[in-house]
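Read through the structure below, which is laid out as structure tokens, and then see the notes.
Read the numbers this way: they start at 1 and go in the same order the structure lists the ligands and their atoms.
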Amino acid sequence: MDINWPLMENNITKDDLDVLIDFLKGMPVLTQSGNVSAYEEEWSSWLGVRYSVFVNSGSSANFITMAVLQELVGPGEVIVPPLAWVSDIASVLHAGFTPVFVDINPRTLSMDNDQVISKINPRTKAVFLTHVQGFNGLSDRLLHFLKEKNIPFIEDVCEAHGATFKGTKLGTFGLISNFSYYFAHHMSTVEGGMICTNDETVYQKCRMWRSHGMAREMTNPAMKQKIVEENPDLNPDFIFSSPGFNMRNTEIGAVIGRNQLKRLDRNNEKRRRNFELFLKNLDPSKYRTDFALEGSCNYAFNLILKNADRELCNRVMEALRESRVEFRRGSAGGGNQLRQPYLKGIIPKKEYEKYPQVEHIHFYGFYIGNYPDLPEEKTLALCRILNSL
Ligand SMILES: Cc1ncc(COP(=O)(O)O)c(C=O)c1O
């Protein structure tokens with residue numbers, strides 16, 4: 001049966017493009033300007049944080065976050081999951097931290113909170129948790145522990161816009177949180193990302209790191225003045241106070257983002273209903289359906305085999321291809337990062353074997369697109385096919 005179901009559809013709409021075209025007709029400034037600031041303010045108020053910094057990708061958000069954290073806390077260990085995106089670990093390495101890995105909780109796909117706590121030691125500089133595939137990865141126990149030990153907590157919310165823990169949006173619990181607006185996510189600015197925080201120093205530093213490390217990017221006059229006075233031999237417009245990047249976004253991205261944000265909550269509600277329908281109709285003897293759904297908001301259907309059954313797995317992939325249902329094996333990031341060549345020589349050989357829950361996702365976990373206007377009939381047809389295998 002031909003279902004014809006791409007990974008993402010209609011995530012940038014005709015309305016977004018009409019708004020963009022109207023904007024362009026005014027011959028506006030296209031580099032970072034008023035729309036970027038307005039989008040940052042609107043995003044902050046949607047999320048419930050004081051500050052946001054719009055960048056050119058979720059990965060850039062990760063890289064700036066880790067660079068700023070390093071400036072604040074110095075070298076040491078950062079606890080990360082092996083099921084995430086490459087930049088969650090690459091950013092830790094580039095900032096000179098040592099990644100320490102923790103297996104996932106099969107019901108949330110995020111790091112097992114008890115195992116995170118057990119890995120914390122005097123060298124731990126931060127916990128960098130990814131809320132995988134729209135699931136909430138937090139517990140009171142973890143948050144209390146980190147607060148008590150005064151360990152910075154960083155959230156990667158690139159896959160979980162609008163998801164909540166106890167009614168409060170993910171991305172408001174950590175010192176810093178990161179979002180992605182890549183096309184396949186809950187909303188899109190084509191490419192794009194956001195760094196969010198309530199901490200003024202972090203905010204000012206992120207602004208500088210985004211723009212070559214330049215002091216003039218700071219919006220706090222007293223902080224800016226201090227750096228100017230410390231460097232009397234430099235032109236105040238060209239003080240590079242950190243070895244920064246150029247990871248700015250543009251007015252074009254911001255115009256699309258501002259228009260998209262207006263419908264994000266409405267779309268997320270539809271995504272929640274889609275995923276519930278999928279799980280309700282899936283055969284629980286073959287596939288996992290017992291995810292922790294409270295507060296979750298997924299841009300994807302998680303299709304995870306209950307058992308490590310190679311034969312069923314092959315039949316699933318064949319059926320998906322035959323029905324033209326696009327999928328990703330190993331969830332969004334390609335499965336177990338510890339198997340990837342970029343970590344060779346950095347972690348011990350066969351380290352990946354120590355993370356059996358991530359290993360299961362690597363070989364027997366898939367993600368399929370979940371978009372707002374996905375017809376119910378497609379979901380039901382897919383469930384019928386999967387259940388018959
Ligand atoms: C958890 C996570 N973090 C970071 C990123 C990177 O975002 P981007 O693709 O915008 O660089 C992604 C993937 O897209 C992701 O899934």
Cation-pi check for [Y] against [X]: NZ or CZ below 6.0 Å from the six-membered ring centre and within 45 degrees of the axis, yes or no?
X      : Y      : value
Arg329 : Phe366 : no
Lys262 : Trp46  : no
Arg310 : Phe363 : yes

Among all protein heavy atoms, pick the one closest to [atom] and tell me residue, atom and distance.
atom                    : value
atom 9 (O) of ligand 1  : Tyr182 CB, 3.8 Å
atom 11 (O) of ligand 1 : Ser59 OG, 2.6 Å
atom 15 (C) of ligand 1 : Trp85 CB, 3.5 Å
atom 16 (O) of ligand 1 : Glu159 OE2, 2.5 Å
atom 3 (N) of ligand 1  : Asp156 OD2, 2.7 Å
atom 14 (O) of ligand 1 : His185 NE2, 3.0 Å

Indicate the ring-plane relationship of Tyr299 and His186, choosing parallel, tilted or perpendicular according to the 30° and 60° boundaries.
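Tyr299 and His186: perpendicular rings.
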
Look at the rings of Phe240 and Phe238 and say which category their plane angle falls in: under 30° parallel, 30 to 60° tilted, over 60° perpendicular.
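Rings of Phe240 and Phe238: tilted, 30 to 60°.
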
So does Tyr182 have more than 12 non-hydrogen atoms from other groups sitting under 6.0 Å from OH?
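Atom OH in Tyr182 is not crowded, with 12 or fewer foreign heavy atoms closer than 6.0 Å.
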
Output the list of atoms in ligand 1 that are nearer than 4.0 Å to some heavy atom of [X], sorted by atom number.
X      : value
Ser57  : 10 (O), 11 (O)
Gly58  : 6 (C), 7 (O), 8 (P), 10 (O), 11 (O)
Thr130 : 1 (C)

Closest candidate by heavy atom, reference atom 10 (O) of ligand 1, pool Gly333, Ser331, Ser180:
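Minimum heavy-atom distance to atom 10 (O) of ligand 1 goes to Ser180.
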
Ion pair check, [X] and [Y], cut-off under 4.0 Å:
X      : Y      : answer
Glu77  : Lys125 : no
Asp16  : Arg263 : yes
Glu294 : Lys166 : no

Could you tell me whether [X] approaches ligand 1 through its side chain, its backbone, both or neither, with non-hydrogen atoms closer than 4.0 Å?
X      : value
Val132 : neither
Asp88  : side chain
Ala332 : neither

